[in-house]
Structure formats: structure tokens, C-alpha cells
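Take a look at the structure set out below.
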Number of protein chains: 2
Amino acid sequence: MNEGGRLTGDREALLQVSCMLGAHFTPEDMRRTLAAGGSQMAMTTIYRNLPALTGAGIIRRTTFCEEDDNGAATYEHVWGRPHHDHLLCQRCGKKVEFSYDALEVLQEEVARRHGFRLLSHHLELIGVCLDCARGGPAGETGGAPT
Amino acid sequence: MNEGGRLTGDREALLQVSCMLGAHFTPEDMRRTLAAGGSQMAMTTIYRNLPALTGAGIIRRTTFCEEDDNGAATYEHVWGRPHHDHLLCQRCGKKVEFSYDALEVLQEEVARRHGFRLLSHHLELIGVCLDCARGGPAGETGGAPT
DNA sequence: CCGGATAATGCAATTCATATGCAACAAGCG
DNA sequence: CGCTTGTTGCATATGAATTGCATTATCCGG
């Protein structure tokens, strides 16, 4: 009796690409990478295996609510990597990973205050990176300078 | 020369419902509420006006990555309301709003350290609320205890 | 107060990510 | 080695969000 499923070639392959892609990728990215490596795989299979991968703690959905590819969900490989959150530049889309213990501690504190046992969190800081701030309002996003 | 568009009845109506619904609603919720109030409105119109509303700071997209309705984006009314973040119970789906200044301060700090000018953030704490913790492992969700 | 320029709306049809039914197939177990 | 059961692929379905086009309403100048 297997715990979560059978160990198939496809799953091994998915494990590999998720690890290889690491940063922030979409299901489509996985397929493309696999295809480039010679392993053809149907999107269906990828989609069907994503829950298993996330459930197993191999990857997790990033909170960039569909900004990356064409509205596709983005994931990142987390297994064996230290936890981190993200800073996102609104202008250039640059993503910076950071981790800050004090922040985590405070989050625990908040959860405790509300009677919650904290399991995980999604934190995304949105701002303007130094380069873009210096570069001036070149790629002005909002339009309204407020 | 108008700044952002014309003031139409539909937009006023959307303003109202967003304010009325307040908490966490989907575009579909807006349509349904409007319909209940006698104002028929096409989804197209709602979708086309959402960017205007968010751009104007009336509403914002919540970060619950499509969990609410059937995968639809959720929004909340923020104009004139104090900023807050969310605690989400993984079992019962309960959403608790909170705000914690120290947390905001630390986020500013993180951004500064990385040379970012912070504009906004999304923070969502995921855990198990007191009720569900007491209620026992009734609706066990994850399975893998990490 | 009116009439034209132009943006907003509704409808239908489209796009795109993700899910599902079903038949073929492969992994694991005896 | 053969059976059971989970997995894969294909085609198709779903459902949110977007777009083209004709119609209508808003704004603005007269």
C-alpha cells in the first residue's frame, strides 16, 4: 500500500524539472522544459501531478496571483531550500527573495493572538526597486502619478 | 479631459455594491447583488470596470489565490477602511482580518534593506482556528503533517 | 438646451488555464 | 508471469476573463 501513489517515470521527471527550474515557473514551463529534454508529457499529466507535488512539500504555489505567464499559476521548488518570501518590483517585475526571522516571529504572534495555530503564510511585498527608482518613470505602470 | 473615464450609472452602482459587499466578493457576486437590487448589468461591464475600481483604490484584489468562488478572483472594498491583512483557517475557511503595526514596520524595514520603496503588500497567514483545533481532526485537509 | 465626438455597454464569440470521461497502459504485488 | 489498480493521453468540457462590433449614453462646446 503506497502512501500517495506510484513512482512513475513521469513523476520522477516532474520532480527533476521542478528542482531544475527552482525559482518561479508555470505548469507550461515544466512541459516545455521536459520537452526540451526529450520527455514528452501531456499537460493533463502535469496538472494532475501538481497537487501531489505541492502536497508532498516539494513545490508550492507562489502568491504572485497570476502575473507571470499568461495568467497561469506559478510555483516554486521549496524542498530542501530555506523558507523565504518575496519582494516584487512593480515596474520591472524583478523578484527578490528574502527571509527575515523577526517577521516570522511576529506572524506567529499575530496568529496566536487570534487563537490560530499557524501553518504557513504568503507574504509578498510590492514596491519599486532601486534601479527603477533611479531610472525615472520610464516604464510608468499606473499612469496616474498620484 | 476626464482623468479616468465617464461617470455612468453603472459605475456608481458598482461603487455602491463594492461598498455594500465590503468583505470578500467575486465579480459574480457583484452582478448577483446588482441584479437583486434591480440593476441588470453584464459581466463584461463589471470586468471592464474592475481595473478602474482597483486603480482608483476603491477595491483591491485579495490574495486568496482563487479559493472563494469557483476559481474566480476575489476583491474587497478598501476605500475609507483601515488597512488589514488576513488570517485564513485551512479547515473551515474562516477569514479573520487583522492589522498589526509592528508587522508593517518590519516590512518597511525589509524593503528598505533591499533598496525597495514599498508600495503595498499581500500577507496571508494560513493556519487552524481555535474552533477547528478543538473540533478535532474532522476535516483533515493536508494529510502530510510536514 | 442641442448635437456631435467619443467612451461605455451588451451581446456573442473567443481565448486560455484547468478539469474530466474514457480507453489504453504500466507499476506494484503475489 | 499475470492480475489489480493507479496513471497517462487524448479529446472534450468547464468556467473565468477578454475582445470585436454595433448600439447607446455621457460629456462638452456651441
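Below, chain A is the first sequence line, B the second, and so on; all start at residue 1.
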So the side-chain hydrogen bond (donor to acceptor under 3.5 Å, both in side chains) pairs with at least one residue in residues 97-115 of chain B (sequence neighbours excluded) are A:Y100-B:R113, A:R113-B:Y100, B:H83-B:E104, B:H84-B:E97, B:Q107-B:H121, B:E109-B:R112, B:E109-B:R113

Any donor-acceptor pair under 3.5 Å linking the side chain of A:T74 with the backbone of A:H24? no

For nucleotides 3-13 of chain D, 5' to 3', base contacts (B), sugar-phosphate-only contacts (S) and non-contacts (-) with protein non-hydrogen atoms under 4.0 Å give --BBSBBBB--

Difference in axis direction between the ends of the helix from C:dC1-D:dG30 to C:dG30-D:dC1, five pairs, 10°: 40°

So which heavy atom on A:K94 is nearest to which on A:D131, and how close? NZ-OD2, 3.3 Å

What integer distance in Å separates B:L50:CG from D:dA17:C1'? 10 Å

Contact summary for B:L50 and B:P27, nearest pair of heavy atoms: CD1-CG, 3.7 Å

Might you point out which heavy atoms bring A:R11 and A:R6 nearest each other, and give the distance in Å? NH1-O, 3.0 Å

Taking CE from B:M30 and C1' from D:dA17, how many angstroms apart are they, rounded to a whole number? 15 Å

Looking only at heavy atoms, which two atoms of B:S18 and B:M30 are closest? And how far apart? CB-CE, 4.1 Å

Output yes when at least one side-chain N/O atom of B:Y47 is less than 4.0 Å from OP1 or OP2 of D:dT18, else no. no

Round to a whole Å and report the spacing from CD of B:E12 to P of D:dA25. 16 Å

Nearest non-hydrogen partners of A:Y75 and A:R61, listed with the distance: CE2-CG, 3.2 Å

To the nearest Å, give me how far apart CZ (B:R61) and C1' (D:dA16) are. 10 Å

Where A:L119 and B:V128 come nearest, the two heavy atoms and their spacing: CD1-CG2, 3.7 Å

